[in-house]
Amino acid sequence: MTAALEIKGLQAWYGESHVLHGVDMVVQPGEVVTLLGRNGAGRTTTLRAIMGLTGARKGSIEVNGKETIGMPTHRIAHLGIGYCPEERGIFASLSCEENLLLPPELKGAGPGMSVDEIYAMFPNLAERRHSQGTRLSGGEQQMLAVARILRTGAKLLLLDEISEGLAPVIVQALARMITTLRAKGYTIVMVEQNFRFAAPLADRFYVMEHGRIALKFGAAELEAKMPVLTELLGV
């Protein structure tokens with residue numbers, strides 16, 4: 001089976017700053033994989049490098065068997081990848097529904113979710129469909145940022161700190177969303193600081209330290225790995 005995402009020897013820079021030092025990672029279709037690590041370990045840079053949003057990149061990044069290291073960002077997105085950055089990027093002057101209708105479907109991906117399907121998954125957004133982007137709560141903005149990707153037909157989702165700073169009830173709704181998306185066959189790579197949120201959702205974990213993968217393990221090994229995780233993350 002061709003991996004949804006396969007990264008080999010990935011190095012990345014921001015200007016003169018060498019951030020990633022040979023990252024290796026494989027994500028199979030339909031998996032939820034979580035990237036753990038302290039702030040500054042290189043997790044967000046890994047997601048940005050996959051999308052071609054860093055400076056120089058070296059190594060190999062294959063998406064469904066296609067090498068993307070030399071591609072510009074817009075071509076990478078058209079392979080069916082949706083990136084949800086930490087800053088969300090909601091259009092403040094547009095309503096919730098206008099934000100949802102804005103993204104075009106990606107030519108290289110399958111059909112995107114309809115607005116009705118999205119409202120069924122996110123009842124909060126259905127209630128706020130006519131509200132301006134700025135009037136949405138942080139949690140509603142986060143739901144909208146993810147929902148907007150689902151409209152495009154992207155099947156590989158890169159989610160950066162989606163639970164950060166949100167009320168527990170919203171975090172629970174996002175956890176249900178990830179479970180639903182996995183059941184629908186989506187592949188998800190999450191960067192998470194919130195270990196309690198990530199732990200029950202992920203099939204596999206990668207722990208980053210100083211721009212490298214320090215540890216990788218499956219969900220079944222989680223309990224056995226807790227002592228070393230505590231050391232690496234301070235959880």
Side-chain angles (χ1 to χ4, degrees), residues 1-7 25-36 43 47 50-51 62-65 77-85 88 96 99-100 103 105-106 108-129 139-164 166-206 216-223:
M1 182 165 63
T2 306
L5 176 68
E6 185 162 7
I7 300 172
M25 196 174 146
V26 181
V27 183
Q28 299 299 342
E31 271 195 316
V32 176
V33 168
T34 296
L35 267 178
L36 300 167
R43 298 167 306 146
L47 296 192
I50 293 165
M51 296 304 298
E62 289 190 359
V63 176
N64 296 318
H78 275 274
L79 296 173
I81 306 182
Y83 173 46
C84 187
R88 298 173 192 152
C96 174
N99 265 283
L100 272 182
E105 286 194 354
L106 298 170
M113 270 194 199
S114 69
V115 172
D116 287 343
E117 284 176 293
I118 281 167
Y119 285 155
M121 190 183 283
F122 301 104
N124 301 50
L125 296 186
E127 289 166 23
R128 304 301 303 274
R129 67 174 72 191
E140 287 161 348
Q141 286 187 22
Q142 188 62 75
M143 289 175 182
L144 179 56
V146 178
R148 199 171 49 178
I149 296 169
L150 300 175
R151 287 273 302 128
T152 67
K155 290 292 185 284
L156 170 57
L157 310 181
L158 310 178
L159 309 179
D160 196 357
E161 298 280 16
I162 63 167
S163 73
E164 188 176 30
L166 300 180
V169 64
I170 298 291
V171 174
Q172 285 165 7
L174 291 170
R176 285 195 298 275
M177 170 202 82
I178 286 168
T179 305
T180 303
L181 291 174
R182 184 218 259 126
K184 288 176 181 284
Y186 284 80
T187 306
I188 300 172
V189 180
M190 297 194 296
V191 162
E192 264 304 330
Q193 202 67 31
N194 184 344
F195 184 71
R196 286 204 179 97
F197 170 71
L201 297 171
D203 298 301
R204 289 188 306 110
F205 300 85
Y206 286 88
K216 59 179 180 178
F217 58 93
E221 302 168 79
L222 182 58
E223 210 165 305

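Taking CG of Leu158 as the start and CD1 of Ile81 as the end, the distance is 6.0 Å to the nearest 0.5 Å. Note that CG of Leu125 and CZ of Arg148 are 11.5 Å apart. Values are rounded to the nearest 0.5 Å. From Cys96, atom SG reaches atom CD of Glu140 across 8.0 Å, with rounding to the nearest 0.5 Å. Atoms CD and CD, on Gln193 and Glu161 in that order, are 5.5 Å from each other to the nearest 0.5 Å. Between the CG atom in Leu36 and the CG atom in Asn194 there is a gap of 10.5 Å [rounded to 0.5 Å]. Atoms CG and CZ, from Leu150 and Phe122 in turn, are 6.0 Å apart once rounded to the nearest 0.5 Å.
For the pair Glu127 (side chain) and Asn124 (backbone), a donor-acceptor distance under 3.5 Å is absent. Using a distance-only test at 3.5 Å, with no hydrogens or angles considered, a donor-acceptor pair links the side chain of Thr187 to the main chain of Gly30.
Minimum interatomic distance between Ala120 and Pro123 (heavy atoms only, all atoms of both residues): O-CD, 4.0 Å. Between Gly65 and Thr2, the shortest heavy-atom contact is N-CG2, 3.5 Å. Between Gly82 and Ala154, the closest heavy-atom pair is N-CB, 3.5 Å. Taking every heavy atom of both residues into account, Ser114 and Arg151 meet most closely at CA-NH1, 4.1 Å. Of all the heavy atoms in Val146 and Cys84, the pair that sits closest is CG2-SG, 4.0 Å.
Under the 4.0 Å criterion applied to side-chain N and carboxylate O atoms, Arg43 and Glu192 are not assigned as salt-bridge partners.
For the pairing with Glu31, the salt bridge (Lys or Arg N to Asp or Glu O under 4.0 Å) check across Arg182, Lys155, Arg204 returns one residue only, Arg204.
By the 4.5 Å heavy-atom criterion applied to side chains, Met143 and Arg128 are not counted as neighbours. Asp160 places none of its side-chain heavy atoms less than 4.5 Å from the side chain of Pro85. You'll find the side chain of Leu100 reaches within 4.5 Å of the side chain of Tyr119, heavy atoms only. Considering only heavy atoms from C-beta on, Met177 comes within 4.5 Å of Met121 through its side chain. Using a 4.5 Å cut-off on side-chain heavy atoms (C-beta onward), Ile188 and Leu181 make contact. Proximity of Leu174 to Gln142: side-chain heavy atoms (C-beta onward) are separated by under 4.5 Å at one or more points. No side-chain heavy atom of Ile162 sits under 4.5 Å from any side-chain heavy atom of Val171. Within the 4.5 Å cutoff, no side-chain heavy atoms of Tyr206 are placed close to those of Thr34.
When the shell of 6.0 Å around CZ of Arg129 is examined, it contains more than 12 heavy atoms from other residues, nucleotides or ligands.
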Worksheet item: Going through the checks in order, is the side chain to side chain contact (heavy atoms under 4.5 Å, CB included) test met by Val33 and Leu5?
Response: CA-CA 11 Å; Val33 168; Leu5 176 68; over 6 Å; no

Practice prompt. Check the pair Val27 / Met25 against side chain to side chain contact (heavy atoms under 4.5 Å, CB included), numbers first and verdict last.
Written response: CA-CA 7 Å; Val27 183; Met25 196 174 146; 4.0 Å; yes

Item to complete: Starting from the C-alpha separation in whole Å, work towards a yes-or-no answer on side chain to side chain contact (heavy atoms under 4.5 Å, CB included) for Tyr186 and Thr180.
Response: CA-CA 9 Å; Tyr186 284 80; Thr180 303; over 6 Å; no

Item to complete: Would you check, one step at a time, whether the test side chain to side chain contact (heavy atoms under 4.5 Å, CB included) holds for Val189 with Leu159?
Response: CA-CA 6 Å; Val189 180; Leu159 309 179; over 6 Å; no

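Aromatic ring pairs are classed by plane angle as parallel below 30°, tilted from 30° to 60° and perpendicular above 60°; the pair Phe205 and Phe217 is parallel.
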